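Reading through the structure tokens given below for one structure.
Side-chain atoms are counted along with the backbone in the values below, which use heavy atoms only and exclude waters and symmetry mates. Bear in mind that the values here come from a model prediction, so they are computed numbers and not experimental data.
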Amino acid sequence: MKVKTLVLSLIAVALILAGCQKTPAPTMQSVVNAKGYREASLIGMKLQWKFDGQDLEIVLTAPTTGWVAIGFDPSTMMKDANFILAYVKDGQVSAIDQYGSQLTNHSPDTTLGGTDDVTAVSGSDDGNTTEVTLRIPANSGDKYDHALAPGEEHTVLLAYGPKDDFETQHTARGKLKLIL
Ligand code: HEM
């Protein structure tokens, strides 16, 4: 009887531990679209990207009038990710290069002693959808960025928020693995 109880207890503990395992990020197969960008979608947000010379060009489209963002290669949650956030206000695109300084927080690379490595190419906000085109160096050399290359698998975070700022928490966020 005691052995049966012990076995049942061990099975219960194993099931609880299995339930605590984090679901791994799905690996998404990207397709090349008519504009020559690779494309993937998550949380209602569209990511398009292409390598161009030394740069990676990124187009982010999300159902928001606030900020849109991408993050690369966190260690845990948001920590250690290279974040690029942008919003469009009065027709002007503002973009910033940040780093996951904590599990659920990030800081501008420049306040950490790094460099701001993002160029806003264009953007629009039609009152429902925000779309921005951004360029980042594929390998900036800044320790608060991660080197990226075509054909490599990277963990990618996508998120969008409700306001034109770089502070307000996301309306939606997600994680996936992509072959760039
Ligand atoms: C703008 C300010 C931001 C704030 C205040 C913020 C705050 C938080 C907080 C409190 C959590 C934990 C609660 C939760 O799971 O929702 C979280 C999780 C998360 N955030 Fe953010 N966040 C911000 C920006 C971003 C950005 C720019 C991205 C990606 C581009 C992002 C991606 C994520 C992801 C993927 C998680 C879940 C991590 C996991 O459970 O593994 N966040 N964030």
Side-chain angles (χ1 to χ4, degrees), residues 22 25-26 28 35 37-50 52 55-148 154-178 180:
K22 283 208 158 180
M28 196 163 285
K35 294 182 198 160
Y37 290 96
R38 291 201 163 271
E39 186 177 316
S41 298
L42 190 73
I43 56 163
M45 195 171 164
K46 186 163 77 175
L47 163 66
Q48 299 175 81
W49 75 96
K50 68 178 173 197
D52 184 11
D55 289 347
L56 175 64
E57 188 165 298
I58 297 165
V59 184
L60 298 171
T61 314
T64 183
T65 56
W67 62 263
V68 295
I70 187 166
F72 294 98
D73 300 324
S75 55
T76 314
M77 294 185 81
M78 293 166 54
K79 189 159 169 34
D80 301 320
N82 175 28
F83 288 108
I84 305 293
L85 298 92
Y87 61 79
V88 182
K89 190 173 183 182
D90 302 327
Q92 295 291 312
V93 189
S94 298
I96 193 167
D97 182 7
Q98 301 212 357
Y99 186 74
S101 41
Q102 295 170 33
L103 289 178
T104 59
N105 214 343
H106 44 83
S107 306
D109 286 12
T110 50
T111 64
L112 298 168
T115 49
D116 188 70
D117 295 294
V118 58
T119 305
V121 177
S122 61
S124 63
D125 175 351
D126 66 5
N128 293 304
T129 302
T130 292
E131 180 167 291
V132 294
T133 302
L134 309 164
R135 283 177 86 93
I136 60 172
N139 186 0
S140 69
D142 182 3
K143 68 174 176 174
Y144 298 107
D145 298 332
H146 299 298
L148 306 165
H154 289 270
T155 300
V156 173
L157 308 180
L158 293 175
Y160 61 88
K163 291 191 181 172
D164 287 336
D165 64 25
F166 297 130
E167 288 86 35
T168 310
Q169 195 172 336
H170 17 76
T171 313
R173 83 292 189 282
K175 187 193 298 189
L176 73 162
K177 287 200 167 167
L178 276 182
L180 293 181

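Residues V121 and L134 have side chains not in contact (no heavy-atom distance under 4.5 Å, counting atoms from C-beta outward). Annotation: side chain of I70 is in contact with side chain of I58 (closest heavy-atom distance under 4.5 Å). Contact check for L178 versus H154: no side-chain heavy atoms found under the 4.5 Å cut-off. In this structure, S122 and T133 have side chains that are in contact, with non-hydrogen atoms separated by less than 4.5 Å. Looking at E57 and I136, their side chains never come closer than 4.5 Å, going by heavy atoms from C-beta outward. In this structure, P74 and K79 have side chains that are not in contact, with every pair of non-hydrogen atoms separated by 4.5 Å or more.
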task = Any chance you could lay out the side chain to side chain contact (heavy atoms under 4.5 Å, CB included) test for V132 and V88, step after step, and finish with the verdict?
result = CA-CA 8 Å; V132 294; V88 182; 3.7 Å; yes
inquiry  = I'd like to know whether K46 forms a side chain to side chain contact (heavy atoms under 4.5 Å, CB included) with E39, so could you lay out the CA-CA distance, the side-chain angles of the two residues, the decisive distance to 0.1 Å, and finally the verdict.
reply    = CA-CA 7 Å; K46 186 163 77 175; E39 186 177 316; 3.5 Å; yes
task = Check step by step if side chain to side chain contact (heavy atoms under 4.5 Å, CB included) holds for S94 and F166.
result = CA-CA 10 Å; S94 298; F166 297 130; 4.1 Å; yes
request  = Show your reasoning for whether side chain to side chain contact (heavy atoms under 4.5 Å, CB included) applies to N82 and D97.
outcome  = CA-CA 7 Å; N82 175 28; D97 182 7; 3.0 Å; yes
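The aromatic ring centres of F72 and H146 sit 6.0 Å or more apart.
The two residues L103 and M77 come nearest to each other via the heavy atoms O-CB, 3.4 Å. In terms of heavy atoms, L157 sits closest to A81 at CD1-CB, 4.3 Å. Among all heavy-atom pairs drawn from G123 and V93, the shortest one is N-CG2, 3.4 Å. Looking at every heavy atom in both residues, Y87 comes nearest to W67 through CB-CA, 3.9 Å. Nearest heavy atoms, G174 versus L42: C-CD2, 3.5 Å. Nearest heavy atoms, A62 versus V68: CB-CG1, 3.6 Å.
Taking CG of D145 as the reference point, atom CD of Q98 lies at 11.5 Å (rounded to 0.5 Å). Between the CD1 atom in I43 and the CZ atom in R173 there is a gap of 8.5 Å [rounded to 0.5 Å]. Taking OH of Y99 as the start and CG of D142 as the end, the distance is 9.5 Å to the nearest 0.5 Å. With values rounded to the nearest 0.5 angstrom, L47 atom CG is found 5.5 Å from L158 atom CG. One distance of note links OG1 of T76 with CD of Q102; it measures 13.0 Å at 0.5 Å rounding. Note that CG of D117 and CD1 of I96 are 12.0 Å apart. Values are rounded to the nearest 0.5 Å.
Looking only at distances, a side-chain donor or acceptor of T111 sits under 3.5 Å from a matching main-chain atom of P108. Side-chain atoms of D126 come within 3.5 Å of backbone atoms of T129 as a donor-acceptor pair (strictly under, hydrogens ignored).
With respect to the salt-bridge test (charged N to carboxylate O, under 4.0 angstrom), the residues D125 and K89 do not qualify.
Under the ring-ring contact (aromatic ring centres under 6.0 Å, His included) criterion, Y160 pairs with no residue at all, not counting sequence neighbours. With sequence neighbours left out, the salt bridge (charged side-chain N to carboxylate O under 4.0 Å, His left out) criterion links D165 to no other residue.
The number of heavy-atom neighbours closer than 6.0 Å to NZ of K50, taken from other residues, nucleotides and ligands shown, is above 12.
The only option from T64, T61, L60 that meets the side-chain contact (heavy atoms from CB on, under 4.5 Å) definition with M45 turns out to be L60.
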